[in-house]
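Worksheet: one structure, shown below.
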Amino acid sequence: QVQLVESGGGLAQAGGSLRLSCATSGHTFDTYNMGWFRQAPGKEREFVASINWSGTTGYYSDSVKGRFTISRGVAKNTVYLQMNSLKSEDTALYYCATLLAFSDGGREVSHVGHWGQGTQVTVSS
C-alpha cells in the first residue's frame, strides 16, 4: 500500500549540486518521520538525513552536515534532499524511507518502516 518513489539522481561533478525528491502515496504521510539513506557498492546502507513529521527539524550524518539539506513539501507527501558541494564519496544509491522510531533523528536502518527503490547519484572528479 505504502509507496515511496525517489527521483532526481544523476551524474554530477565534484562541487556540484543535485536535488532528490521522494514522492509518497498509499498513506497520509503528515505524521510520518522521514529519512534518506544511501548505499554504495559493497558497503552497508547508511543514514544520511531525516526530518520530523512537521518538517521543522532536520538531522544529518556528520559526513553531509553543512552540505545537504532535507525538507518537506507543504503537503507533506514529498520529501527533498538538496545536495550541495558534492564529493566523490557521495556516490551511492539514495533511498527514501519512513521512520518508525525517531529518537535523536531515527538514524538507524532498523528504524525504517518502508523503503523506496532508490535513485542513483554518481559524483565524478
Do Arg38 and Glu46 touch side chain to side chain, with heavy atoms closer than 4.5 Å?
yes
Counting only N and O atoms by type, is there a donor-acceptor contact under 3.5 Å from the side chain of Glu6 to the main-chain atoms of Gly118?
yes
So CG of Asn84 and CG of Leu18: to nearest 0.5 Å the spacing works out to 9.5 Å
Check: Arg107 side chain, Tyr60 main-chain N or O, donor-acceptor pair, under 3.5 Å:
yes
For Gly9 and Val121, which heavy atoms make the closest approach, and how far apart are they?
CA-CG2, 4.2 Å
Quick check on the 6.0 Å ring-centre criterion: do Phe47 and Trp36 meet it?
no
Measuring from Gln82:CD to Arg67:CZ, what's the distance to the nearest 0.5 Å?
12.0 Å
Arg72 and Asn33 have their tightest heavy-atom pair at NH1-CA, 4.3 Å
Distance from Phe102 atom CZ to Glu108 atom CD, nearest 0.5 Å?
13.0 Å
Indicate yes or no for a side-chain donor-acceptor contact from Thr24 to the backbone of Asn77 under 3.5 Å, with no hydrogens or angles considered.
yes
Would Val48 end up clustered with Tyr59 when hydrophobic side chains under 4.5 Å apart are linked, directly or stepwise?
no
Where do Ser17 and Ser85 come nearest, in terms of heavy atoms and distance?
OG-N, 4.4 Å
Between Phe37 and Val112, is there a side-chain heavy-atom distance shorter than 4.5 Å?
yes
Considering non-hydrogen atoms only, spot the tightest contact between Thr56 and Ser54 and give its length.
OG1-OG, 2.9 Å
Enumerate the residue pairs fulfilling disulfide (SG to SG under 2.5 Å) with a member in residues 86-125, sequence neighbours excluded, ordered by first and then second residue.
Cys22-Cys96
Please determine whether residues Leu86 and Tyr95 belong to a single hydrophobic cluster, defined as Ile, Leu, Val, Met, Phe, Trp and Tyr linked transitively by side-chain heavy-atom distances below 4.5 Å.
no
Is Met34 close to Thr98 at the side-chain level, that is, under 4.5 Å between some pair of heavy atoms?
yes
Would a single hydrophobic cluster contain both Ile70 and Leu99, if residues Ile, Leu, Val, Met, Phe, Trp and Tyr are joined by side-chain heavy-atom contacts under 4.5 Å?
no
Heavy-atom pair with the smallest gap, counting every atom of Ala49 and Leu81:
CB-CD1, 4.1 Å
Are the charged groups of Asp90 and Lys87 less than 4.0 angstrom apart, N to O?
no
Do any N or O atoms from the side chain of Ser50 and from the backbone of Gly105 form a donor-acceptor pair under 3.5 angstrom?
yes
Would you say Val109 ends up clustered with Tyr94 if hydrophobic residues are merged whenever their side chains have heavy atoms under 4.5 Å apart, either directly or through other cluster members?
no
Looking at every heavy atom in both Tyr32 and Leu100, which two are closest together, and how far apart are they?
CE2-CD2, 4.0 Å
For Gln120, look at atom CD and say whether over 12 heavy atoms of other residues, nucleotides or ligands are found less than 6.0 Å away.
yes
Is any side-chain heavy atom of Thr57 closer than 4.5 Å to one of Ile51?
no
Side chains of Ser124 and Gln13, heavy atoms from C-beta outward: is any pair under 4.5 Å?
yes
Each residue besides Val74 in its hydrophobic cluster should be listed here, by chain and number; the cluster joins Ile, Leu, Val, Met, Phe, Trp and Tyr at side-chain heavy-atom distances under 4.5 Å.
none
